[in-house]
Amino acid sequence: MLDFVKIKTDLESSFNSDMADGVDVSINVNVINEENGKFSVSVLDNKCTVYDDNLSKADITVGFVDKDTMIDMFTKGVNPTSLVMSGKMTFNGDMGKGRSIKGLFMKWEF
């Protein structure tokens, strides 16, 4: 089971607003095989908000095989193309907006 409160707290507190200039993206996140594995992240006006469910409409939807892969993607800047090609992540949506989030959460430690 995902600890949503910890994920929300860690993502929002480690958000690097200095890198978010001009970023406007909403992301639905699905972590397969995790109870309570759906949440969403919205970045707008140099602010990050994490919601406890998927948005009705998002720019991007990403799916992860497990929690560790999701953490690596957000916090360690793991190459999303490599994750998709290895079957560890699915991606659907605007790739340009997907690239815009790289490095926004690099301070996050789970």
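Here the NZ atom belonging to K38 is positioned 10.0 Å from the OG1 atom belonging to T61, to the nearest 0.5 angstrom. Rounding to the nearest 0.5 Å gives a distance of 9.5 Å between OG of S14 and CG of L104. Taken from CG in N36 to CG in D3, the straight-line distance is 9.0 Å, to the nearest 0.5 Å. Within the model, atoms CG of N54 and OG of S40 stand 6.0 Å from one another, a figure rounded to the nearest 0.5 Å.
Residues D24 and V43 are not in side-chain contact: their nearest non-hydrogen atoms beyond the backbone lie 4.5 Å or more apart. Side-chain contact check for N46 versus D21: some heavy-atom pair is nearer than 4.5 Å. Contact of the M89 side chain with the P80 side chain is registered, since non-hydrogen atoms from C-beta on lie closer than 4.5 Å. F4 has its side chain within reach of F39: a pair of non-hydrogen atoms, C-beta onward, lies under 4.5 Å apart. No side-chain heavy atom of N92 sits less than 4.5 Å from a side-chain heavy atom of I60. Side-chain contact between I101 and V25 is present, with at least one heavy-atom pair separated by less than 4.5 Å. Residues D52 and K8 are not in side-chain contact: their nearest non-hydrogen atoms beyond the backbone lie 4.5 Å or more apart.
Here F105 and F15 bring their ring centres to under 6.0 angstrom of each other.
Environment of CG in D45: sparse, with no more than 12 heavy atoms of neighbouring residues, nucleotides or ligands closer than 6.0 Å.
Proximity of a side-chain donor or acceptor of K88 to a complementary backbone N or O of V65 within less than 3.5 Å is not detected. Formation of a donor-acceptor pair under 3.5 Å by the T49 side chain with backbone atoms of S42 is not found in this model.
Scanning for side chain to side chain contact (heavy atoms under 4.5 Å, CB included) contacts around E34 gives L2, V31, K67, with sequence neighbours left out.
Side chains of T69 and D66: a donor on one and an acceptor on the other come within 3.5 Å.
Contact check on K97 versus D59 returns a salt bridge, with a Lys/Arg side-chain nitrogen under 4.0 Å from an Asp/Glu carboxylate oxygen.
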Would F64 and V29 count as a side chain to side chain contact (heavy atoms under 4.5 Å, CB included) if you check the C-alpha gap in whole Å, the side-chain angles of each, and the deciding distance to 0.1 Å? CA-CA 8 Å; F64 298 97; V29 179; 3.9 Å; yes

C48 and V41: side chain to side chain contact (heavy atoms under 4.5 Å, CB included), yes or no, with the steps? CA-CA 7 Å; C48 171; V41 179; 3.9 Å; yes

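The shortest non-hydrogen separation linking A58 to S26 is CA-OG, 3.3 Å.
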